[in-house]
Amino acid sequence: MILIGYDGSPAADLAVREAAALLSPRPALVVVVWKSGLGLELVQVPATAAGLPHAQLDVRTAQGVEAGMGERAVQLAQHGAGLAREAGLEAEGLAVAEDVEVPVDEVLARVARERGARVVVVGAHGHGGDAAVLGPVSRGIARRAPCPVLLAHARAAAA
């Protein structure tokens, strides 16, 4: 099984296409990691030390934000799986909720281990305008993955 980390970016779309070109018609799992608990963190509570009055914590708003994020993650995973199927993979989507403190690469490596992935595929965004510089998710998954990693770099493909 191929595990594809997906975030909806052009680099992630490229990763799906490259994985299919190299590895189809294998089964694939397109994984979107979203940060559970972020809705509560986004609710601003003024500090009383700054002389501001206590604010009412709007839990309903936070829950709504949280639910919306989860729904969007599921939609994004399904979209990525659809791209993968169009490209020739036998793909399904999976949205994984994780605590805001846990790095995305750690979650992808864990899912790869749990699902017995033979390869992990991610799009490498490149930072600072340099195609040789990998971002934190690409670097992290290259270190943590329990199997080979395919990095599809959007800038390198454009060149």
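The heavy-atom pair separating Val30 from Ala91 by the smallest distance is CG2-CB, 4.4 Å. The minimum heavy-atom distance linking Ala124 with Leu151 is given by the pair CB-CB, 4.5 Å. Annotation for Ala109 and Pro146: closest pair O-CD, 3.9 Å, computed over non-hydrogen atoms. Of all heavy-atom pairs between Ser138 and Gly123, the closest is OG-O, 3.7 Å. Taking every heavy atom of both residues into account, Val149 and Ala145 meet most closely at CG2-CB, 3.4 Å. Annotation for Ser24 and Ala87: closest pair OG-O, 4.5 Å, computed over non-hydrogen atoms.
In this structure the side chain of Arg72 reaches within 4.5 angstrom of the side chain of Gln75, judged on heavy atoms. Side-chain contact between Val104 and Asp7 is absent, with no heavy-atom pair separated by less than 4.5 Å.
Separating the CG atom in Leu108 from the CD atom in Glu98 is a distance of 10.5 Å, to the nearest 0.5 Å. The line from CG of Asp13 to NE2 of His79 is 5.5 Å long, rounded to the nearest 0.5 Å. Atom CH2 of residue Trp34 and atom CD of residue Glu71 lie 9.5 Å apart, to the nearest 0.5 angstrom. Between the CD atom in Glu90 and the CE atom in Met1 there is a gap of 12.5 Å [rounded to 0.5 Å]. Distance check, rounded to the nearest 0.5 Å: CD1 of Ile2 to CZ of Arg115 gives 14.5 Å.
Just one of Val107, Ile4, Val120, Val96 meets the side chain to side chain contact (heavy atoms under 4.5 Å, CB included) condition when paired with Val31; it is Val96.
No single ILVMFWY cluster, assembled from side-chain heavy atoms under 4.5 Å apart, contains both Val32 and Val102. Leu3 and Val33 fall within a single hydrophobic cluster, where Ile, Leu, Val, Met, Phe, Trp and Tyr are joined by side-chain heavy atoms under 4.5 Å apart, directly or via other members. The cluster map of Ile, Leu, Val, Met, Phe, Trp and Tyr, joined by side-chain heavy atoms under 4.5 Å apart, puts Leu83 and Leu89 in the same cluster. Hydrophobic clustering keeps Val121 apart from Ile141 (ILVMFWY residues linked when any side-chain heavy atoms are closer than 4.5 Å, directly or through intermediates). The hydrophobic cluster containing Tyr6 also contains Leu22, counting ILVMFWY residues as joined when their side-chain heavy atoms lie under 4.5 angstrom apart, directly or transitively.
With sequence neighbours excluded, no residue forms a salt bridge (Lys or Arg N to Asp or Glu O under 4.0 Å) with Arg85. Every residue meeting the salt bridge (Lys or Arg N to Asp or Glu O under 4.0 Å) condition with Glu106, not counting sequence neighbours, appears here in chain and number order: Arg144.
Taking a 6.0 Å sphere around CZ of Arg110, one finds it holds more than 12 heavy atoms contributed by other residues, nucleotides or ligands.
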